[in-house]
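These notes are about the structure you will find just below.
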Amino acid sequence: MIYINQLSKHVDEQVTLKGWVYNYRSSGSLVFVEMRDGTGLTQCVIAKDDVSESTWEAASSLKQESSLEITGTVKADDRSIGGHEIHVSDVTVIQIAEDYPITPKDHGVEFLMNNRHLWLRSQRQWAAMRVRNEIIFAIHTFFQERNFVQMDSPIFTGNAAEGSTTLFETEFFEEPAYLAQTGQLYGEAMAMAHGLIYTFGPTFRAEKSKTRRHLSEFWMIEPEMAYYDLEMDMNLAEDMIRFIVKTVLDKRANELKILERDTTKLQALVDNPFIRMTYTEAVDILTSKATAQMLDDMLASRKEEEKALKKEREEIKKEHGSAKKWRKKQIEARQIEIGARLDQIEEDYRNIPKWKKSAQEFEWGNDFGGSDETVLTMQYDVPVMVTHWPAEIKAFYMKRDESGKHALGVDVLAPEGYGEIIGGSQREDDLEVMRERIAEEGLDESVFEWYLDLRKFGTVPHAGFGLGLERTVAWLCGLSHVRETIPFPRMMGRLTP
RNA sequence: UCCUCGGUAGCUCAGUGGCAGAGCAAUCGGCUGUUAACCGAUCGGUCGUUGGUUCGAAUCCAACCCGGGGAGCCA
């Protein structure tokens, strides 16, 4: 069987392709079928004079997403999508599809999400899933090449690990149980057995969050390393991200092109070290005059853009009346684009002053809000790693520095406003300190007995982090919402399909 | 939970107190190089729901339902 992504090896040969009609156009005695087979798209040309009457009838009856087998000669052709086209000699229809709901025109989010099972067939979604696959494979490759052992943490747990987040409650043989929000504590136990481990699995958060960065069910990668301190942890995280990005740029250039991803932004972090700063330094940056100035400049540039767009809109509006039909369509499309951008600018007008206020009035000891992360990361082309957080706002298991004020934790913030993709830390390895921390948090020590055992029987310095897969996919694909980074997202109000 | 925007044909939207509209999809016809093809015709409506104001409501008011974006929280 020949697949579309191998066509370049079969130019001027006769091939048979099996797939689906992605789009269909006809012109009298010519039919153009944009065919997809899961590996890519190619255009098939069926000329009435070149085929039998029954084949012509079959070809004329095709509709979007009909399944079919096509036999024909592969021709190199720059006019055609993918650079090849098939001059068809025979068509076998498997099924003429019913009216396909997702047309090649615009659709709203709700409609597309209700048809997620079909939406996955669309180009952009297809490309995103290919990138997701490449990222998953790169992560396994990265760790396996470094002798990490992949191990699995349980999904049913008897208690909340960090105490803070809301968990999904379920029932485990008449006992209350929760769906795991992290495998980290188990990861620590496994690292004490194997030295270097990582988990790769689903995690669940029941927070009623409705934002572009949240899912109720998402996939997390959590390496845990014995005899690692915070700096080694950070080096590993940086190496891993760089490896993932490099791999995707190398192997999924075509998909990134379909997604219209600006890859210069990704290339920047392959070539340059990540920014590292302490929380205190980050706060200084947020409250600095330079940051205020940057936001003022941003506002000013939005105003100029708005002026230019409004001017353009006036000009093409005048042109519209006397324009030819195709130009009219072009103008109308551009007007929609301008309208959308103006709406965005309008929103920026409301947001930027808030961001500025939040950044300028930031007080040491608070956690960063979404806008603070954005303001911080927009100043760099590479991820920003923030360390030494106020101990009070971080989890009980994080080790503290000598002062006792700072947690040896690290958040890795992705560029371009994609937010936190990694949270990690060096873990507290002292039994007594850990007991104190559990008590301070008001947690029930008895449920942590096994966890405390790790500090009784050959405790060692160790560290780890958690990488959010979907946020990473969104960032590398340049997608604005994590719901497009997983085949069937689970989020507030979305349990089907 | 709170803030904010929205719900009109299968889809995307216009219509802001006076006859329910357009483009796409679908159906029929035309076209031998289309690229979200194009051209002509046909078909297509519980204007989210309930109640209210009005001679008259998609339009104004109230409550509720559903969805988008955001806050909190986080990967």
Side-chain angles (χ1 to χ4, degrees), chain A residues 22-34 41 43-50 63-64 77-82 85 87 98-115 122-123 162 164-166 181-184 202-222 325-326 328-329 332-333 336 339 343-344 346-347 350-351 354 358 366-371 373-374 393-395 411-414 418-424 465-475 480-483 485-486 491-494:
Chain A
Y22 190 67
N23 199 10
Y24 176 91
R25 292 179 284 272
S26 76
S27 172
S29 43
L30 271 183
V31 161
F32 299 93
V33 173
E34 241 176 76
L41 279 181
Q43 175 162 276
C44 305
V45 186
I46 304 150
K48 193 173 182 181
D49 293 346
D50 296 352
K63 295 164 67 177
Q64 207 188 344
D77 194 323
D78 291 339
R79 289 174 298 184
S80 190
I81 186 166
E85 70 179 22
H87 291 196
E98 291 181 25
D99 293 352
Y100 191 66
I102 303 177
T103 63
K105 301 284 171 178
D106 285 338
H107 297 285
V109 172
E110 191 182 2
F111 177 79
L112 288 168
M113 287 306 299
N114 286 338
N115 288 286
S122 299
Q123 272 284 279
E162 297 183 22
S164 57
T165 45
T166 325
Q181 55 146 344
T182 168
Q184 188 212 305
T203 43
F204 307 88
R205 306 272 164 97
E207 277 120 6
K208 292 187 176 172
S209 278
K210 285 179 68 165
T211 82
R212 61 185 69 202
R213 299 187 305 279
H214 286 89
L215 291 169
S216 305
E217 178 184 296
F218 66 97
W219 290 69
M220 192 151 67
I221 295 90
E222 296 182 282
K325 199 153 257 178
W326 66 271
K328 270 192 174 145
K329 289 222 156 186
E332 282 157 16
I336 289 170
D343 284 350
Q344 181 61 50
E346 199 62 43
E347 207 181 314
R350 285 195 300 270
N351 281 330
K354 284 190 208 157
S358 169
N366 292 334
D367 206 349
F368 295 146
S371 74
E373 284 182 1
T374 306
I393 59 171
K394 288 292 181 186
D411 280 6
V412 181
L413 308 175
Y418 282 93
E420 186 182 347
I421 54 168
I422 282 179
F465 61 84
L467 170 78
L469 179 62
E470 285 73 19
R471 285 189 185 174
T472 306
V473 177
W475 166 42
S480 61
H481 202 299
V482 288
R483 69 181 155 228
T485 65
I486 183 167
M491 51 210 287
M492 256 241 285
R494 173 62 59 188

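All values below were derived from every heavy atom in this structure, side-chain atoms included, with hydrogens, water molecules and symmetry-related copies excluded. Chain letters run A, B, ... following the sequence lines, proteins first, then strands; residues in each count from 1.
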Which of the following nucleotides, B:G33, B:G68, B:U34, is nearest to the side chain of A:Val109? B:G68

A:Arg212 side chain N/O closer than 4.0 Å to the phosphate oxygens (OP1, OP2) of B:A71? no

Letter per nucleotide, 5' to 3', of nucleotides 1-9 of chain B [B base touched, S only sugar-phosphate touched, - untouched; heavy atoms, 4.0 Å]: B--------

For a quick check of understanding: with a heavy-atom distance under 4.0 Å over all strands, which category does A:Gln43 fall into, base, sugar-phosphate or nothing? base

Suppose we screen for side-chain hydrogen bond (donor to acceptor under 3.5 Å, both in side chains). Which residues come up paired with A:Asn366, at least two apart in sequence or across chains? none

Can you tell me how far P in B:G29 sits from the matching atom in B:C11, rounded to whole Å? 27 Å

If you pin A:Arg494 and A:Val482 to their nearest nucleotides in RNA chain B, which one's is more 5'? A:Arg494

Mind checking side-chain contact (heavy atoms from CB on, under 4.5 Å) for A:His107 and listing every partner two or more places apart, or none if nothing turns up? A:Ile102, A:Thr103, A:Phe111, A:Leu112

Whole-Å distance between B:A26 P and A:Lys63 NZ? 7 Å

Which is true for A:Glu85 with a 4.0 Å heavy-atom rule: it touches a base, it touches only sugar-phosphate, or it touches nothing? base

Partner nucleotide, any strand, of B:G17 [Watson-Crick/G-U, under 3.5 Å]: none

I'd like to know if A:His107 reaches the base of B:C11 with its side chain such that a donor and an acceptor end up less than 3.5 angstrom apart. no

Which base, if any, makes a Watson-Crick or G-U wobble pair with B:U53, both distances under 3.5 Å? none

Taking the C1' atom in each of B:U16 and B:G7, what is the distance between them to the nearest angstrom? 16 Å

side-chain hydrogen bond (donor to acceptor under 3.5 Å, both in side chains) against A:Arg212, all qualifying residues, sequence neighbours excluded: none

For nucleotides B:A9 and B:G69, find the distance between their C1' atoms and express it as a whole number of Å. 27 Å

Please write out each protein N/O paired with an N/O of nucleotides 28-32 of chain B under 3.5 Å, distance rounded to 0.1 Å.
residue : atom : partner : partner atom : Å
B:C31   : N3   : A:Gly28 : N            : 3.0
B:C31   : N4   : A:Gly28 : N            : 3.3
B:U32   : O4   : A:Asp49 : OD1          : 3.4
B:U32   : O4   : A:Asp49 : OD2          : 2.3

Does A:Asp367 have any side-chain contact (heavy atoms from CB on, under 4.5 Å) partners at least two apart in sequence or in another chain, and if so, which? A:Trp389, A:Ile393

Taking only residues two or more places apart in sequence or in another chain, which ones pass side-chain contact (heavy atoms from CB on, under 4.5 Å) with A:Glu34? A:Tyr22, A:Asn23, A:Arg25, A:Leu41, A:Ile81

Using a 4.0 Å heavy-atom cut-off across all strands, classify A:Ile81 as base, sugar-phosphate, or nothing. nothing

Gap in Å between the two P atoms, one belonging to B:A20 and one to B:C5, rounded: 30 Å

NA contact type, A:Phe111, heavy-atom cut-off 4.0 Å: base, sugar-phosphate, or nothing? sugar-phosphate

Find the distance A:Ile393:CD1 to B:C73:P and express it as a whole number of Å. 9 Å

Rounded to whole Å, please give me the gap between CE in A:Met113 and P in B:C66. 17 Å

What does B:C38 pair with, Watson-Crick or G-U, if both distances are under 3.5 Å? B:G30

Pick the nucleotide of RNA chain B nearest each of A:Asp411 and A:Arg483; which residue has the one closer to the 5' end? A:Arg483

Counting distance only, does the side-chain N/O of A:Ser216 pair as donor-acceptor with the main-chain N or O of A:Ala206 below 3.5 Å? no

Those residues that, when tested against A:Thr485, pass side-chain contact (heavy atoms from CB on, under 4.5 Å) (two or more places apart): A:Glu470, A:Val473, A:Ala474, A:Leu479, A:Val482

Measure the spacing between CE of A:Met491 and NE2 of A:His214 and express it to the nearest 0.5 Å. 10.5 Å

Of the listed nucleotides (B:C73, B:G33, B:G69), which one gets closest to any side-chain atom of A:His481? B:G69

Applying side-chain hydrogen bond (donor to acceptor under 3.5 Å, both in side chains), name anything that partners A:Arg494, two or more places apart in sequence or on another chain. A:Asn114

Base, sugar-phosphate, or nothing: which does A:Gly493 touch, judged by heavy atoms less than 4.0 Å apart? sugar-phosphate

Would you mind classifying the nucleic acid contact of A:Leu467 as base, sugar-phosphate or nothing, using non-hydrogen atoms under 4.0 angstrom? nothing

Rounded distance [0.5 Å steps], CD in A:Glu222 versus CZ in A:Phe465: 10.0 Å

With sequence neighbours excluded, residues passing salt bridge (Lys or Arg N to Asp or Glu O under 4.0 Å) with A:Glu420: none

Check the interface with nucleotides 41-48 of chain B: list each N/O to N/O pair with the protein under 3.5 Å, or write none.
none

Can you sort out the partners of A:Asn351 under side-chain hydrogen bond (donor to acceptor under 3.5 Å, both in side chains), two or more places apart, ordered by chain and number? none

Drop me the distance from A:Gln43's CD to A:His87's NE2, to the nearest 0.5 angstrom. 9.0 Å

Who is the Watson-Crick or G-U wobble partner of B:A71, with both distances under 3.5 Å? B:U1

